[in-house]
A.B. asks: 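Here you go, one structure.
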Amino acid sequence: MKVLEVEGNVPLLGSVEISGAKNSAVALIPTAILSDKKTTITNIPDITDIDVLCDILEFMHVKVTRASGSIVIDPSNMENLVIPDELTSKLRASYYFMSSLLAKYKHVCIHFPGGCKIGSRPIDQTLKVFRALGAEIKEDECFFTITAKELKGNEIHLDMPSVGATVNAIIVGSRAKGITTVTNAACEPEIVDLADMLNKMGAKVSGAGTPTVTIDGVEELDGCCHNVIPDRIEAGTYVILGALIGTYMSIENIIPEHINALLDKLREMGVDIQVNSDNVIVNATENIKAVNIETKGYPGFATDLQQPLVTLLTQAKGKSEVVETIYENRFMNTTYLNKMGANISVKDRCATILGPTKLHGATVEATDLRGAASLLLAALKASGKTTINNVEHLLRGYADIIEKLSNLGAKIELKEVDE
Ligand code: EPU
């Protein structure tokens with residue numbers, strides 16, 4: 001098991017460069033195989049989710065060349081093989097191969113995807129997309145056999161604006177015959193990034209980033225070069241950290257508009273924050289105010305920033321209420337925040353935080369990616385030493401985090417221990 005040891009209450013100072021977006025990169029990599037030509041993707045974050053996707057590609061005989069921050073994907077010798085469950089179960093994004101293999105070969109056999117255990121996370125909307133485009137699906141426990149004689153464009157209204165279903169609809173629609181229209185689509189910036197890359201490959205995707213996306217299918221796609229957008233969740237996490245314990249912390253290489261909902265809440269809390277064209281400067285502020293938040297799809301307050309923000313809310317004066325509308329099980333971090341001195345009660349999908357409370361070091365368990373970030377932020381603020389177990393979760397999504405935090409002055413050490 002990987003463990004982080006953190007010496008808390010050390011002010012953090014300096015700048016931190018934000019990496020490419022995990023949730024873009026994990027969609028772009030499975031999409032690259034739609035072409036038989038080479039695709040180069042740059043600004044790829046160095047995280048373990050990317051390692052798993054590369055293992056999946058190599059398993060299917062795709063040539064993968066990785067250099068610092070870039071990846072060249074050459075699918076010219078690719079085979080449509082059944083990806084082992086040990087790989088698909090490691091991340092949610094493995095089901096983007098469900099759509100890219102279906103689009104490329106009209107046939108895919110694949111296991112149910114993995115991902116953080118933050119809710120039930122069904123894939124019914126993606127299956128609905130596949131069926132609407134003409135695919136037949138055989139489901140045997142958690143194994144899917146999906147076949148289409150022909151994929152034909154159609155109109156699909158999603159029951160909820162699911163990111164994954166929107167991504168899968170764009171991938172399959174781009175190689176289907178005719179026009180696919182997705183309404184009630186998710187509007188996340190990562191979907192715009194996917195459409196941008198696909199359009200460079202010769203696809204015809206329009207409306208990405210709005211609730212109606214139209215895909216005019218094409219027979220063939222070319223390779224391309226594409227640079228991943230900055231990770232808005234990593235950016236937001238460091239901005240929250242700056243508000244917690246930063247002294248003139250500059251969060252660089254970001255698109256501030258992508259974290260507008262967070263920046264608005266921080267202003268409401270009274271955090272000292274300066275927003276520039278591609279960076280944000282933030283200082284820890286005395287007497288921050290309690291606020292209420294409700295998570296929403298983009299451009300609303302991101303569920304992925306909810307857990308890190310809860311850590312900051314433990315330092316705000318008064319009562320904050322946080323309503324998690326996307327995932328039913330995204331408050332597992334609060335048990336451990338309470339162990340560190342927070343005063344948080346959870347009822348159904350609402351967490352009530354009473355603050356400010358002093359945080360102190362403890363031994364805590366990371367249970368999911370953003371929950372791990374929430375605990376790390378608390379550990380950096382707390383007095384004394386904190387040990388965070390199971391930080392494999394953290395390394396799935398935060399690139400070079402030990403190095404980035406150490407450069408800001410944090411006293412933090414990653415260890416491998418026997419379970
Ligand atoms: N949903 C369904 N049926 C579906 C799909 C979704 O009921 O077929 C429900 C889910 O259960 C959930 C809600 O709809 O309650 C939203 O799910 P969505 O499909 O939008 O999420 P996702 O595609 O599984 C992506 C990110 C998540 C992020 C969410 C919401 C990736 C790989 N994952 O998940 O990222 O929280 O969108 O923005 O892009 C993370 O990075 O920590 C993370 C969990």
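Whatever order the structure lists them in is the order used to number ligands and atoms, beginning at 1. These figures come from a predicted structure and were not determined experimentally.
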A.B. asks: Counting each atom of ligand 1 from 1 as listed, which ones have a heavy atom of I123 under 4.0 Å away?
C.D. replies: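 Heavy-atom distances to I123 below 4.0 Å select 8 (O).
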
A.B. asks: Which protein heavy atom lies closest to atom 33 (N) of ligand 1, and at what distance to 0.1 Å?
C.D. replies: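 Ranked first by proximity to atom 33 (N) of ligand 1 is N23 ND2, 3.7 Å.
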
A.B. asks: Out of D231, D304, V163, whose heavy atom is nearest to atom 25 (C) of ligand 1?
C.D. replies: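 Ranked by closest heavy atom to atom 25 (C) of ligand 1, first place is V163.
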
A.B. asks: Please state which protein non-hydrogen atom is closest to atom 3 (N) of ligand 1 and give its distance, to 0.1 Å?
C.D. replies: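 Residue, atom and distance for the closest contact: D124 OD1, 2.8 Å.
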
A.B. asks: Strictly distance-based, threshold 3.5 Å: is any side-chain N or O of E324 a donor or acceptor partner for the main-chain N or O of E294?
C.D. replies: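 It does not hold such a pair.
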
A.B. asks: Can you find an N or O of G164 that's nearer than 3.5 Å to an N or O of ligand 1?
C.D. replies: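 Yes, G164 has an N/O under 3.5 Å of an N/O on ligand 1.
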
A.B. asks: Calculate, to the nearest 0.5 Å, the distance between atoms CG and CD1 belonging to N80 and I83 respectively.
C.D. replies: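 Interatomic distance, N80 CG to I83 CD1, rounded to 0.5 Å: 8.5 Å.
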
A.B. asks: Looking only at heavy atoms, is any part of I118 under 4.0 Å from ligand 1, and if so is it the side chain, the backbone, or both, or is it neither?
C.D. replies: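 Only the side chain of I118 comes within reach of ligand 1.
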
A.B. asks: Crowded around E58 CD? As in, over 12 foreign heavy atoms under 6.0 Å?
C.D. replies: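 Yes.
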
A.B. asks: Is a side-chain donor-acceptor pair under 3.5 Å present for D231 with S19?
C.D. replies: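 The criterion, which ignores hydrogens and geometry beyond distance, is not satisfied for D231 and S19.
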
A.B. asks: For atom 42 (O) of ligand 1, what's the nearest protein heavy atom and its distance?
C.D. replies: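 Checked against all protein heavy atoms, atom 42 (O) of ligand 1 sits closest to R370 NE, 2.9 Å.
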
A.B. asks: Under 3.5 Å between any N/O of S120 and any N/O of ligand 1: does that happen in this structure?
C.D. replies: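 No; the residue has no nitrogen or oxygen that sits under 3.5 Å from a nitrogen or oxygen of the ligand.
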
A.B. asks: Would you say the side chains of N23 and E190 form a donor-acceptor pair under 3.5 Å?
C.D. replies: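 No - no donor-acceptor pair under 3.5 Å links their side chains.
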
A.B. asks: Does any N or O atom in Y95 lie less than 3.5 angstrom from one in ligand 1, N or O only?
C.D. replies: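 No; every N/O pair is 3.5 Å or more apart.
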
A.B. asks: Looking at ligand 1, does any of its N/O atoms fall within less than 3.5 Å of an N/O of A93?
C.D. replies: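 Checking ligand 1 against A93, no N or O pair falls under 3.5 Å apart.
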
A.B. asks: What protein heavy atom lies closest to atom 24 (O) of ligand 1? Include the residue and the distance to one decimal.
C.D. replies: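 Protein heavy atom at minimum distance: R92 NE, 2.9 Å.
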
A.B. asks: Hey, which atoms in ligand 1 end up nearer than 4.0 Å to a heavy atom of K22?
C.D. replies: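 Reading through ligand 1 atom by atom, the close ones are 40 (C), 41 (O).
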
A.B. asks: For D193 and H226, does a side-chain donor sit closer than 3.5 Å to a side-chain acceptor?
C.D. replies: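 Side-chain D/A pair, D193 to H226: present.
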
A.B. asks: Any idea which protein heavy atom is nearest atom 1 (N) of ligand 1, and the distance to it?
C.D. replies: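 In this structure, atom 1 (N) of ligand 1 has M160 SD, 3.7 Å as its nearest protein heavy atom.
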
A.B. asks: For atom 22 (P) of ligand 1, what's the nearest protein heavy atom and its distance?
C.D. replies: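 For atom 22 (P) of ligand 1, the nearest protein heavy atom is Y327 OH, 3.7 Å.
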
A.B. asks: Does either side chain, that of N279 or that of S250, offer a donor lying less than 3.5 Å from an acceptor on the other one?
C.D. replies: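 Note: N279 and S250 side chains meet the donor-acceptor criterion.
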
A.B. asks: At under 4.0 Å between heavy atoms, which part of Q125 makes contact with ligand 1: side chain, backbone, both or neither?
C.D. replies: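 Near ligand 1, Q125 shows its backbone as well as its side chain.
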
A.B. asks: I need the contact type for E190 against ligand 1. Using non-hydrogen atoms and a strict under-4.0 Å cut-off, is it side chain, backbone, both or neither?
C.D. replies: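 For E190, no heavy atom sits under 4.0 Å from ligand 1.
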
A.B. asks: Are there more than 12 heavy atoms of other residues, nucleotides or ligands under 6.0 Å from atom NZ of K339?
C.D. replies: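 Atom NZ in K339 is crowded, with more than 12 foreign heavy atoms closer than 6.0 Å.
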
A.B. asks: As a check for students: among L369, V167, L305, I326, identify the option with a heavy atom nearest to atom 12 (C) of ligand 1.
C.D. replies: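 Comparing heavy atoms across L369, V167, L305, I326, the nearest one to atom 12 (C) of ligand 1 lies in I326.
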
A.B. asks: Looking only at the side chains, is there a donor atom on one of T126 and N168 sitting less than 3.5 Å from an acceptor on the other?
C.D. replies: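 There is such a pair between these side chains.
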
A.B. asks: Is the backbone N or O of P30 less than 3.5 Å from a side-chain atom of S100, with the two atoms forming a donor-acceptor pair by type?
C.D. replies: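 Yes: the side chain of S100 pairs with the backbone of P30.
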
A.B. asks: What protein heavy atom is closest to atom 11 (O) of ligand 1, reported as residue, atom name and distance in Å?
C.D. replies: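 Nearest neighbour among protein heavy atoms for atom 11 (O) of ligand 1, to 0.1 Å: P122 CD, 3.4 Å.
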
A.B. asks: Is the number of heavy atoms from other residues, nucleotides or ligands under 6.0 Å of E257 CD greater than 12?
C.D. replies: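 Not buried by this count: 12 neighbours or fewer within 6.0 Å.
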
A.B. asks: If we check side-chain hydrogen bond (donor to acceptor under 3.5 Å, both in side chains) with Y398, which of these qualifies: K404, H393, R370?
C.D. replies: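 So, applying the side-chain hydrogen bond (donor to acceptor under 3.5 Å, both in side chains) to Y398 and each of K404, H393, R370, only R370 qualifies.
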
A.B. asks: Under 3.5 Å between some N or O of ligand 1 and some N or O of T303?
C.D. replies: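 Min N/O separation from ligand 1 is not below 3.5 Å for T303.
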
A.B. asks: Of the side chain and backbone of R330, name the one, both, or neither that has a heavy atom under 4.0 Å from an atom of ligand 1.
C.D. replies: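 Under 4.0 Å from ligand 1, R330 contributes side-chain atoms alone.
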
A.B. asks: Is there a donor-acceptor contact under 3.5 Å from the side chain of N184 to the main chain of L158?
C.D. replies: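 Side chain of N184 to backbone of L158: a pair is present.
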
A.B. asks: Do me a favour and list the nearest non-hydrogen protein atom to atom 19 (O) of ligand 1 with residue, atom name and distance?
C.D. replies: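 Looking at atom 19 (O) of ligand 1, the protein heavy atom closest to it is S162 OG, 2.6 Å.
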
